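A quick write-up on the structure given underneath.
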Protein chains: 2
Amino acid sequence: MRLTINDIAKEAKVSKSTVSRVLNNSGYVHKETREKVEKVIKEKIYYPSATARNLSKKESNIIGVIIPEANNTFFAEVLKGIGEVVDENDMTLIFSDTNNDSVKEARALDMINMQGVRGLIITPVNDHDDSDAERKLKKKLRDLKIPTVILDRGVKNSQWDGVFFENYQSAYCATEILIQEGHEKIGIITGDLNLKIGKDRFRGYLEAMKDHNREPLKRYIYEGNFSVEKAYQLTRQFIEKKDIPDAVLTCNNLTTLGFMKGLNEYQLVLGKDIAAVGIDSNEVLDILGYNFSCVARDSVEMGRVAIRMLLERYQHPNKQRLESVMPFSVYLKGSERKVRS
Amino acid sequence: MRLTINDIAKEAKVSKSTVSRVLNNSGYVHKETREKVEKVIKEKIYYPSATARNLSKKESNIIGVIIPEANNTFFAEVLKGIGEVVDENDMTLIFSDTNNDSVKEARALDMINMQGVRGLIITPVNDHDDSDAERKLKKKLRDLKIPTVILDRGVKNSQWDGVFFENYQSAYCATEILIQEGHEKIGIITGDLNLKIGKDRFRGYLEAMKDHNREPLKRYIYEGNFSVEKAYQLTRQFIEKKDIPDAVLTCNNLTTLGFMKGLNEYQLVLGKDIAAVGIDSNEVLDILGYNFSCVARDSVEMGRVAIRMLLERYQHPNKQRLESVMPFSVYLKGSERKVRS
DNA sequence: CTGAAAGCGCTAACAA
DNA sequence: TTGTTAGCGCTTTCAG
């Protein structure tokens, strides 16, 4: 079976406390003793049990991460950022994908609870919607009583740290870019308006239009849901109806893809037949040379910020609640213009 | 602090053994007692500590997953498949991304070792290359002494279960498709030839050519490394040199993207100026309407197969070593042809 | 059907 | 500087 601290103690002819001391670099231990113990550990290839250690110390070195769509590149990158810092800190990452399903979310939280993790980073399935599901989530988080950072989507009256994105501002800015390019009919494929991030982005669009004395035209407002499929359908529709806006704001990476699918299908050329700016960057589009302009955040960094915030909270449980809002950057590549040739 | 089994026992006026019994549905417990205990558990919102349980039972409900590139969609999907089954079985997933770095791989394995997981699914950084790193990996895996499934890439003389892909056959088939379409100059952008999967795919190409009495022309063999960038450079090169093959086999999803980038940059149209078949499917290309033909595996399913294999091995430690080879499917969408218009 | 007690592998006082 | 001892929260005999 697996070696224990006792095996090492016996072999090194010391007590297990001494072994524990060299393992943890704690307390005093004679140089020679330390070397002897270390030698035995190496020789016998001993790995201390994290389980036993966690039980004894009543603290774990595991960080829990719950996200709604592991296959969405945004979350994949966030995960990468988190993983990086977790690694640097010699901790371990437990991970669960809720698939945007509140029931799975609840189960994931129970699992996290039983594992007794040190902290949790979660992107809720819901977002400020005051739903039953959200209330239950909040209750579970409260019961959890561990450092928690909420990422990207939030809950109402949060008592937890959070890292979010300048949703409103980024949409406002993107819209302004289109306005300043001189486009007349500026449309938007919105995100899921049940989610606050969807609402905020929409609001950014509306306000920008208003501030520039543009009447947002209802027929250029397409209500999407952050999915490829819906954005594609909406794009098809306006192309079929031959009432094509001059420019479109697409509200996330998936929306952008659906939009592009529609354009390609009808052979409309981006930057020529229609202009667009998206929220979120899209690596594959860049690779393929689409020059799709966007306002985007650094998602890997967003993950890093979240985990650092979590570790900070662990150190200072009573510090005031923190909220970090990630700024957006503007990446203009040409698609915001329209060059009728 | 966190509730313990004792708190519940006290409140329910029974011993902790009884609580344990209702928790685990083990042994006899009077119906009324059970109900009383369950009521208390619910009321006080008690979650048993997985840590304590694992220590006591000397077995854990955690599955470790180590992959080299979490951002590669292939692995993201594999992870999704694994997560699904892990979830169904009420287990927990620990995850580590090695970033294709053997040093990180070694650290990840140490972490896994300390966590005392129930089993491990790993895609090694190396692949049958007999390197020092690979030997070290094997030693670590042997020392680990837990059920292990090796996925996608393998090690020499493996003693572990594995799930792999029909690398040779898929490349052979893809090449044959191009041959049968009547293409003359059939090229290949290979994968990393240090990895066995790279070699096997290349061999599939060569053999298919030979079997159809085609002399593979050296100048149409482009040695890539499974990366977007390299494939892009190679594509640029042959376009610049104006020695463009009629058709190309691209050896994985990233290679395909790099290839497409090159084509787009020089405005060559797939299925018209040049034909191609790729290994691995590419969702974004499909979305964008590229009709890129490919031979591909079901990667989510590959993950499922791996985790099921692992659980099976846990049940039957002494069963003969198993190797599952995932078949490929052919997705012809048009890019294998070349329609000079 | 239930409870008492030992023990999982480790840490952390406390003595020595 | 080291060893002894008492837990950490749970499961699992073994008695009753």
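These numbers come from a predicted model, not from an experiment. Chain A is the first sequence line, chain B the second, and so forth, proteins listed ahead of strands; every chain is numbered from 1. Computation of the quantities below employed the complete heavy-atom set of this structure, encompassing side-chain atoms and omitting hydrogens, waters and symmetry-equivalent molecules.
- The nearest whole Å value for the distance from the OH atom in B:Y28 to the P atom in C:dG3 is 17 Å.
- The separation between B:L55 atom CG and C:dA6 atom C1' is 13 Å, rounded to whole Å.
- Atom NZ in A:K31 sits about 12 Å away from atom P in D:dT1, given to the nearest Å.
- Over its length, the helix from C:dC1-D:dG16 to C:dA16-D:dT1 turns its helix axis by 40°, as judged from the five terminal pairs at each end, rounded to 10°.
- Look at NZ on A:K10: it is 11 Å from P on C:dG9, rounded to the nearest Å.
- Note that A:R297 lies in the cation-pi zone of A:F74, set by a 6.0 Å cut-off to the ring centre and a 45° limit from the axis.
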Check the pair B:S299, B:E77 against side-chain hydrogen bond (donor to acceptor under 3.5 Å, both in side chains), reporting the backbone distance first and the verdict last.
CA-CA 6 Å; B:S299 32; B:E77 286 174 4; 2.5 Å; yes
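- Taking 4.0 angstrom as the limit, A:S15 places a side-chain polar atom (N or O) nearer than this to OP1 or OP2 of D:dG3.
- Under a 4.0 Å N-O distance rule, the pair A:R107/B:D87 qualifies as a salt bridge.
- Regarding B:K36, its NZ atom lies at a distance of 8 Å from the P atom of C:dT2, rounded to whole Å.
- Counting to the nearest Å, the P atom of C:dA12 and the CG atom of A:N54 are 12 Å from each other.
- The residue B:T33 sits close only to the backbone: its heavy atoms come under 4.0 Å of sugar-phosphate atoms, none of a base.
- Of the charged side-chain nitrogens involved, none lies within less than 4.0 Å of a carboxylate oxygen, so that A:K140 and A:E105 do not count as a salt-bridged pair.
- Separating the CD1 atom of B:I8 from the P atom of D:dC10 is a distance of 9 Å, rounded to the nearest angstrom.
- Side-chain polar atoms of A:N194 and A:D192 form a donor-acceptor pair below 3.5 angstrom.
- For the OP1/OP2 pair of D:dC10 and a distance below 4.0 Å, the side-chain nitrogens and oxygens of B:Y46 include at least one atom meeting the criterion.
- Using a 4.5 Å heavy-atom threshold, the side chains of B:I5 and B:L23 count as touching.
- Whole-Å rounding puts the A:D7 CG to C:dC8 P distance at 11 Å.
- Tested against A:E11, the residues A:K44, A:K39, A:K36 include a single salt bridge (charged side-chain N to carboxylate O under 4.0 Å, His left out) partner, A:K44.
- No cation-pi contact links A:R21 to A:Y28, judged by a cut-off of 6.0 Å to the six-membered ring centre and 45° from its axis.
- Between A:K42 and A:E38, no side-chain nitrogen of the basic residue sits less than 4.0 Å from a carboxylate oxygen of the acidic one, so the salt-bridge criterion is not met.
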Short heteroatom pairs, N/O only, protein and nucleotides 11-13 of chain D, under 3.5 Å:
from	atom 1	to	atom 2	distance (Å)
D:dT11	OP1	B:N24	OD1	3.2
D:dT11	OP1	B:N24	ND2	2.8
D:dT11	OP1	B:R53	NE	2.8
D:dT11	OP1	B:R53	NH2	3.1
D:dT11	OP2	B:S20	OG	2.7
D:dT11	OP2	B:N24	ND2	3.4
D:dT11	O4'	B:S56	OG	2.6

